[in-house]
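Input: a single structure, listed below in structure tokens.
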Amino acid sequence: MARPCDSGRPQVSHKMQDLQVQENFLPDSSTRSSKPCGKRTRPWVKVLAVLVMLVFLGAVAGVLCWYFTGDDRSTNELQEGKAVRVYSGHLSLGNVQYSRQFEDPRSKEFRSLAGKLEQMINSTCQTIPDLSPYFVNARIFDYSDGAQVLAYYFATFEVPPEDREVLTKFSEDALTRPLQEGILSMSRLSTRDVIVRSVTSSLANPDLVVAPEERDCYHALWAAGRLQEFTSPGYDGNGYPNNVHCQWVLRADQDHVIYLEFQDFNTDDDCGNDFVMVHDSLSPAEDDVITKKCGKRPSSHHLAVLSSGPVMLVTLLSDESARYRGFKATFHQLPRMTQCGGTLTAIAGNFSTPYYPAFYPPNINCVWTIKVPSDMKIRMKFEMFRMEEPGVQNRNCIKDYMEINEKRYCGDYPLLNLKFDVSEVQIRFHSDESHTDKGFVGKYAAFNPSNPCPGEFACRSGLCISQSLRCDGWNDCGDLSDELNCHCGPDQFTCANGICKPKLWTCDRVNDCGDFSDEKACECDKDQWKCADGNCIPKEQACDGKLNCADGSDEAVCEEATVCTQFNFRCADGTCVHRANAECDGQKDCDDGSDENNCFPGCGTQPFKQSRIVGGMSADVGEWPWQISLHFQTYGHVCGASVISEDWLVSAAHCFLDMYDDSSSWLAYGGLNFQGEPTVQLRKIKQIIKHPRYNEDTYDYDIAVLRLERPFDLRPKLQPICLPDVSHTFPAGKSCWVTGWGAMYEGGSSSISLQKAEVKIINDTVCSVVTEGQVTSRMLCCGYLTGAIDACQGDSGGPLSCQEKGKWFLAGIVSWGEGCARKNKPGVYSRVTKLREWIREQTSL
Ligand code: ARG
């Protein structure tokens, strides 16, 4: 989905942080252990696995790896076993000298100190009201050096199903205070020889904690001045195995931080049980997550992250999917940045988040003061601004943020321009303890308020743009100031407000001028009637029983109609409905009910649509429940499709050419919002039927129907869209929506989160002109002649959804376009009404 003003930077990984799906965090471990392909060997895992195995033995045989299908069964089973809650954190120790022996759990030093500390935690956990009945045990699993020696622990609690309601008591900080109080008071007793100065605790994913004796893929590495390298298991061979849990513990010298960079990153796109996680601690606690990633990254965009202190934990978890190459990472230590920010007094300069282009580290604050001569003012431009964090609503900035003049910025801004009417500003940057991101690079310049843009055009907004962009019909300033007071050229139309627009843009039912003046002179005269194709006929010719408009629209909706046109729904008994778009609208028009019987029950509803503002163009969860992401082999998302029934999808024929023709290489992801999100339904494709008249050169008949191997479970998040009857009209100027994970700009890569864009149906004559006659009657144009909003590569096959009386209809299928979002080059879609009969023949729908 191409979007306006994308800065042209690659998008592959930008939204990756969104992949942290909170609701799936802390899964009940019984669910995990009951997988037929359980991976770790903790004792409770084994016990539960055996129990569950016994119960399900008969059923389980032959159903190996069912969870890979991604449906919701796992959530159901969650009800049956014990719920496991794990807290993890560290104790900082007052009177302990660090010893390298602490890095070996079999050493005397490790064991003796761990024994004492475990005892302290155990006895405290046994006395915490509400939680103590469920306490299992606590373990110390690592140490690190620093200003103080830190001992890392985890504490496990198990809640049987009958006590499920107490699970609400296991909050993020339920353990912190009692544990702190208990341990600190214990360590104050003179009989104790370890002094604990402070305790941290936070919930951790049970799958990420391992007792030292159960580790089977664990590497403790020290950073040094030179670059060190490590790779995931099988990196140079067949890729990392299924069901691994590998940890790399990275340590650095005191007062240093760790710079970790993934030189190659190739893992499963499905983040559910297959991901790489980096923590700013040796404990895998949620509070210390720096980032969680899965999928693939182009070599041009390495993931690089920093710790805030001398330790870092890298974890690789995998499930039973296909094998992936894994990663190669390098790391080294850097002196800890003691301060960041500063005072900038030059008349122009740059500033960026610490260590940019690597992710900024957790726990850091910077302040920049920009001071320019007092007769000048300041403007700023951010070509990169990304501070996104899971769970943080787009612009409420409660975690990491940049603050200028008491206004906070966070989230993702493709392009941010700011202008200040003062000669001094302060920029504050704050990063909290968890989840970091790319950060920002800002450029500032002082300007002279009386000549703000020497040699260039000064927008009202403060932006300077090239003079050649003035009066070109494009809003380059963002505030239209470059398009005001223009003298329009011969091929331009002068809007009533003085703006010039290309003549071609008039009468396309899009308000290009902003004051509707380009759409005003297009109506027919008072004594005329307007045909659906835009032509005018004498009023009395409408509904006179003769087809006067070339398209017959003058006879479609008449009170005492006699002729049946292409715009009328034809009932099964052959009678004609003289009402526009009569099918599937909840009103019975045919005596035999056939206008309502032929649509899939409940189709075209958006159960999850909420009327809230969505930042940018990302879709709401469940907003387009018929949208499917089609993945090909290991390539990840390739095309879109739409659900039209439990077991049929509609897509574009051009997605399935040559090697892409093999149905067994495709997977359909339903109910998906973010690529990689685990809560989806996954189905294999049994059959691909391309339209036999599909023409590779012209894209004519660009449609295919796909039969699923197993039907989808229709749920609120996965619903079919209604198919329009052949008689359905989608008039020019109507607003519809195109959705997909396609590129966000021409030449870009797919988006991680589902994008939506509002587009308008373009009149067929204009469509034919702008495509130089390349459209056939099986195609329609939709978008804006101004460009800027359009579908793009990777959106193909996906829906163009139009709403009619509260129901959504599939008006088009993303097919082709010249580039993406170019001026005068709207998107071209397969026209579903013209292909409706063929869909029926293939699917009986
Ligand atoms: N053919 C492209 C694809 O395979 C879709 C192109 C749509 N282009 C456009 N500008 N609307 O994904």
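In listed order, ligands and their atoms are each counted from 1. Index from 1, following the sequence. Just so it is clear, the values below take in all heavy atoms, side chains as well, and ignore hydrogens, waters and symmetry mates.
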- Query: Looking only at side chains, do Y324 and N266 share a donor and an acceptor under 3.5 Å apart?
  - Reply: no

- Task: For H637 and S629, test the side chains for any donor-to-acceptor distance below 3.5 angstrom and give the result as yes or no.
- Result: yes

- Note on the structure: Contacts satisfying ring pair (Phe, Tyr, Trp, His ring centres under 6.0 Å) that involve residues 817-845 (not counting sequence neighbours) are H691-W838

- Message: Heavy-atom contact check, 4.0 Å cutoff: does C792 meet ligand 1?
- Response: yes

- Message: Can you name the atoms of ligand 1, numbered from 1 with element, that are less than 4.0 Å from a heavy atom of G827?
- Response: 11 (N)

- Counting only heavy atoms, which portion of E818 has something under 4.0 Å from ligand 1: side chain, backbone, both, or neither? neither

- Looking only at heavy atoms, is any part of C639 under 4.0 Å from ligand 1, and if so is it the side chain, the backbone, or both, or is it neither? neither

- Message: For atom 5 (C) of ligand 1, what is the closest protein heavy atom, and at what distance to 0.1 Å?
- Response: S796 OG, 2.8 Å

- Do R683 side-chain atoms and E709 backbone N/O form a donor-acceptor pair below 3.5 Å? no

- Task: Consider ligand 1: state whether an atom of it lies below 4.0 angstrom from any non-hydrogen atom of K825.
- Result: no

- Query: Would you say G819 touches ligand 1, if touching means a heavy atom closer than 4.0 Å?
  - Reply: yes

- Item | Polar atom proximity, G794 to ligand 1 (N or O, under 3.5 Å) | yes

- Can K825 and D790 be counted as an ion pair, charged N to O under 4.0 angstrom? no

- Task: Kindly confirm or rule out an SG-SG distance below 2.5 Å between C736 and C802.
- Result: yes

- Message: Between the side chains of D518 and K501, is the shortest nitrogen-to-carboxylate-oxygen separation below 4.0 Å, so that they form an ion pair?
- Response: no

- Sub-4.0 Å atoms of ligand 1 with respect to non-hydrogen atoms of D795: 12 (O)

- Any idea how W808 and W626 line up, ring-wise: parallel (<30°), tilted (30 to 60°), or perpendicular (>60°)? tilted

- Just need the protein heavy atom nearest to atom 9 (C) of ligand 1, so name the residue and atom and give the distance. A791 O, 3.3 Å

- Message: Among all protein heavy atoms in this structure, tell me which lies nearest to atom 11 (N) of ligand 1, with the distance rounded to 0.1 Å.
- Response: D790 OD1, 3.0 Å

- Taking K807 for its side chain and G602 for its backbone only, find out whether a donor-acceptor pair lies under 3.5 Å. no

- Task: Report the part of V814 in contact with ligand 1, treating N, CA, C, O as backbone and CB onward as side chain, heavy atoms under 4.0 Å; options are side chain, backbone, both, neither.
- Result: side chain

- Using heavy atoms and a threshold below 4.0 Å, how should the contact between S815 and ligand 1 be classified: side chain, backbone, both, or neither? backbone

- Query: Can an N or O of H654 be found at a distance shorter than 3.5 Å from an N or O of ligand 1?
  - Reply: yes

